[in-house]
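To keep things clear, I will list the structure first and then write my remarks on it.
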There are 2 protein chains.
Amino acid sequence: MLITIDYQDKRPIYEQITEKIKNLIVVGVLTENDKIPSVRNMAIEMSINPNTIQRAYQELERDGYIYTVKGRGNFVSPVTEWKEDRLTDGLNRFGELAVELCQLGATKETLYKRVDEALVSERG
Amino acid sequence: MLITIDYQDKRPIYEQITEKIKNLIVVGVLTENDKIPSVRNMAIEMSINPNTIQRAYQELERDGYIYTVKGRGNFVSPVTEWKEDRLTDGLNRFGELAVELCQLGATKETLYKRVDEALVSERG
DNA sequence: TAAGTGTACTAGATGTTCTAGTACACTTAT
DNA sequence: ATAAGTGTACTAGAACATCTAGTACACTTA
């Protein structure tokens, strides 16, 4: 089972699916040109309607994370398709979050430490 | 007009209201014991149903940002009520975001720089 | 007493989400 | 050629959250 759905989560199913697959791609579990499960297979495996899977896949394609070949299936896109956007968005959120944390009294050292820890965990 | 609603935003109205008021409190525009507009006034001013405002205020009270006095109105809570939780949650998100940004190739210097900028903008 | 306040409740409209079913075009393997 | 597997498109309806509308009651203050 590649993905699990949290039915307590108030977000719609298709959104949970897109988010989790995006993460699998960003982390590197799924890499360029990997085939992801077909709409029907994923639907059966997760006991979810195929239309819901289809919608999730459409969003993934729209955002550049996968590409679709009719009759063959869905495949993971090259990193270049999404890396830039994700980095830009992430840095913006990072900056905004840093401002708020400073307003809440977080020290420079605290934030630096978190960054250092992130660098370590990323190497491992 | 204290708050404006973005009807293009897919999030529900009551959620937008709670988020914006939270920000006003965190930033310091609204401070301890300030009275916020009554359910009815806010509803008229924003051309929104009073029930929607009420729901937003209930969430704000549940999260500790305001307190309610029957017959008098709603007032901003002391910072101590929400500061700790918000700092903890924020630092967690900060750490997770840092990990992802590192995986995307962000350098230590880039993230440090964003933190420094945040410290500067917070002083101003 | 009157005005303003929070709170609770019912009822209904609206939009999104999800399911169900069907159909068609394409690719691959046999 | 045929069958199986694939993506895609469409209609229909159920289920749910959101929002509006209206009413009512208890409380506080002037």
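All figures in this text were calculated on a predicted structure; none of them were measured in a lab. Chain letters run A, B, ... following the sequence lines, proteins first and then strands; every chain starts at 1. For the numbers below, each heavy atom of this structure counts, side chains included, while hydrogens, waters and symmetry mates do not.
Between A:Thr52 and C:dT17, a side-chain N or O to OP1/OP2 separation shorter than 4.0 Å is absent. A close approach under 4.0 Å does not occur between any side-chain nitrogen or oxygen of B:Arg55 and OP1 or OP2 of D:dC19. Checking the phosphate oxygens (OP1, OP2) of C:dT5, a side-chain nitrogen or oxygen of B:Asn41 falls inside 4.0 Å. Contact annotation: A:Gln58 reaches the phosphate of D:dA9 (side-chain N/O to OP1 or OP2, under 4.0 Å). Considering only side-chain N and O atoms, A:Ser38 lies nowhere under 4.0 angstrom from the phosphate OP1 or OP2 of D:dG5.
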Show which side-chain atoms of residues 37-46 of chain B pair as donor or acceptor with protein atoms under 3.5 Å away, not counting sequence neighbours.
unit_1  : atom_1 : unit_2  : atom_2 : d
B:Ser38 : OG     : B:Asn41 : N      : 3.0

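Within the 4.5 Å cutoff, no side-chain heavy atoms of B:Leu111 are placed close to those of B:Thr107.
Using modelled atom types and a 3.5 Å distance limit, the side chains of B:Asp116 and A:Tyr112 yield a donor-acceptor pair. Inspection of the B:Tyr67 and B:Asn33 side chains reveals an N or O donor paired with an N or O acceptor under 3.5 Å.
Using a 4.0 Å cut-off between a side-chain N of Lys or Arg and a carboxylate O of Asp or Glu, A:Lys10 and B:Glu15 qualify as a salt bridge.
Remark: B:Tyr57 pairs with no residue by the ring-ring contact (aromatic ring centres under 6.0 Å, His included) rule, at least two apart or across chains. Annotation: side chain to side chain contact (heavy atoms under 4.5 Å, CB included) contacts of A:Glu32 (sequence neighbours excluded): A:Pro78. With sequence neighbours excluded, the residues that form a side chain to side chain contact (heavy atoms under 4.5 Å, CB included) with B:Asp9 are B:Asp6, B:Arg11, B:Gln16.
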Open item on the list: Can you build the contact string for nucleotides 24-30 of chain D? Use B for base contact, S for sugar-phosphate-only contact, and - for no protein heavy atom under 4.0 Å.
Closed with: B--BSS-
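Following rounding to the nearest Å, B:Ile5 (CD1) and D:dT18 (P) show an atom-to-atom distance of 14 Å.
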Atom pairs under 3.5 Å, N or O on each side, protein against nucleotides 11-13 of chain D: can you list them with distances?
none

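Between B:Lys35 and A:Ile48, the residue anchored closer to the 5' end of DNA chain C is B:Lys35, taking for each the nucleotide with the nearest heavy atom. Between B:Ile36 and A:Tyr7, the one whose closest nucleotide on DNA chain C sits nearer the 5' end is B:Ile36.
Sorted by first and then second residue, the ring pair (Phe, Tyr, Trp, His ring centres under 6.0 Å) pairs with a member in residues 83-104 of chain A read A:Phe94-B:Phe94; sequence neighbours excluded. Within the structure, the salt bridge (charged side-chain N to carboxylate O under 4.0 Å, His left out) test picks out the following pairs touching residues 71-97 of chain B (sequence neighbours left out): A:Glu100-B:Arg86. Within the structure, the salt bridge (charged side-chain N to carboxylate O under 4.0 Å, His left out) test picks out the following pairs touching residues 49-67 of chain B (sequence neighbours left out): B:Lys22-B:Asp63, B:Glu59-B:Arg62. Contacts classified as ring pair (Phe, Tyr, Trp, His ring centres under 6.0 Å) and involving residues 34-56 of chain B (residues at least two apart or in different chains) are not found.
Within residues 8-20 of chain B, the residues that place at least one heavy atom under 4.0 Å from DNA chain D are, in residue-number order, B:Pro12, B:Ile13, B:Tyr14.
Judged by distance alone, the side chain of A:Ser121 and the main-chain N or O of A:Ala118 form a donor-acceptor pair under 3.5 Å.
The B:Gln54 side chain lies nearest to C:dT7 when the options are C:dT7, D:dT20, D:dT6.
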- [ ] Treat a base pair as Watson-Crick or G-U wobble with both distances under 3.5 Å, then lay out DNA chain D in dot-bracket form, 5' to 3', with | for cross-strand pairs.
- [x] ||||||||||||||||||||||||||||||
